[in-house]
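Letters A, B, ... are given to chains in the order of the sequence lines, protein chains preceding strands, and every chain is numbered from 1. This is a predicted model, so every value here is computed, not measured.
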2 protein chains.
Amino acid sequence: MSDDALDHDSLVPLYRQIAARLIHGIEHGDWVAGKRIPSEPTLTQRYGVARETVRAAVRHLRNTGYVHTVPKRGSFVLDRTRHD
Amino acid sequence: MSDDALDHDSLVPLYRQIAARLIHGIEHGDWVAGKRIPSEPTLTQRYGVARETVRAAVRHLRNTGYVHTVPKRGSFVLDRTRHD
DNA sequence: CATCATTTGTTCGTATGTATC
DNA sequence: CGATACATACGAACAAATGAT
C-alpha cells in the first residue's frame, strides 16, 4: 500500500511524496470518511522523515480538502462525495 | 502601525525593512520590556516572506540590543533605559 | 478522581540547495 | 563573489488538551 521508499533525490519534495501516498491511501479506501489517518509520530517513523515534513504533508491534505485536523486528536478523512 | 506592505523593489533589504518595523513597534510601545515580540512563524506570515528573512530581521534586533532570544521560547524586548 | 500516554501546536536552531542581484 | 531571499528538511524542547486506565 504505497509503502515504497521515498525518493530523496526526486524533484518532488518529500512532503509531497508523502501527501501523494496518503491521498492514494484515502482514495484506495485505506482510510474511509470519518476515520483517522496515522498520527504524525507514526508517519514520521513510517517514512523516516522529520515531523515537520509529515506536518507539511498533512497540511497539504487539509488544504486540498482530504482531511480536517482536530487539535490533540488527529486528522480525519473528510467525506468528499459532495466535493465532486 | 507599520503595517504597510514591504517594498520588494527597495534597495533596503526586506529583513531590514522588517527590522525597522519591529524597532518602530518597540519604541512605539507595541511591545514593552520583557514582552515577547511575534514569533518567527507569525512574522513570516504577516510579512509574506521566508522564515530566513524574518530570522535575519530578528538577528538584527538582537545585534542592536533591542531583544534577546531564548531558544524555543521566543525573542523578548530588552530594557533599554539604562543603555543610554 | 488521579495518572499517564498520546497527539497536535508552537517555537527557535541548523543545514542544504537554488536563484537573483 | 557576497548578500539577500526562498523552499525544503532535520532536530529539539515544551505546552496543552484528550482519552484511556
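Using a 4.0 Å cut-off, some side-chain N or O of A/Ser39 falls inside it from OP1 or OP2 of C/dT7.
Atoms CZ (B/Arg51) and P (C/dT14) sit 10 Å apart, rounded to a whole Å. Distance CZ (A/Arg36) to C1' (C/dT7): 8 Å, rounded to an integer number of Å. Going from atom CD of A/Glu40 over to atom C1' of C/dT6 covers 12 Å, rounded to whole Å. Per the geometry, CG belonging to B/Leu43 stands 12 Å off C1' belonging to C/dT11, to the nearest Å. The distance from atom CZ of B/Arg73 to atom C1' of C/dG9 is 14 Å, rounded to the nearest whole Å. Across the protein-nucleic acid pair, A/His8 atom NE2 and C/dT16 atom P stand 17 Å apart, rounded to whole Å. When the P atom of C/dC12 is taken as reference, atom NE2 of B/His68 falls 12 Å away, rounded to whole Å. Here the C1' atom of nucleotide C/dG13 and the CD atom of B/Glu52 are 13 Å apart, to the nearest Å.
Looking at B/Gln17, its side chain does come within 3.5 Å of a backbone N or O of B/Asp7 through a donor-acceptor pair.
Atom CD of B/Gln45 has 12 or fewer neighbouring heavy atoms from other residues, nucleotides or ligands inside a 6.0 Å radius.
Shown here for A/Val67 and A/Ser75, the closest heavy-atom pair between the two residues is CG2-CB, 4.2 Å. Shown here for B/Gly74 and B/Arg36, the closest heavy-atom pair between the two residues is CA-CD, 4.0 Å.
Of the two residues contacting DNA chain D, namely A/Ala50 and A/Pro71, the nearest-nucleotide position lying further toward the 5' end is that of A/Ala50. Mapped onto DNA chain D by nearest heavy atom, A/Arg16 and B/Val49 fall at different nucleotides, with B/Val49 at the one closer to the 5' end.
Using a 3.5 Å distance cut-off with no hydrogens or angles, the side chains of A/Tyr15 and A/Glu52 do not pair a donor with an acceptor.
In the hydrophobic clustering, B/Val12 connects to no other residue, as no ILVMFWY side-chain heavy atoms lie under 4.5 Å from its own.
Close approach of DNA chain D to chain B, defined as any atom under 4.0 Å from a non-hydrogen atom of the protein, starts and stops at D/dT4 to D/dA13.
B/Leu61 is listed as a side-chain neighbour of B/Ile23, based on a closest heavy-atom distance under 4.5 Å.
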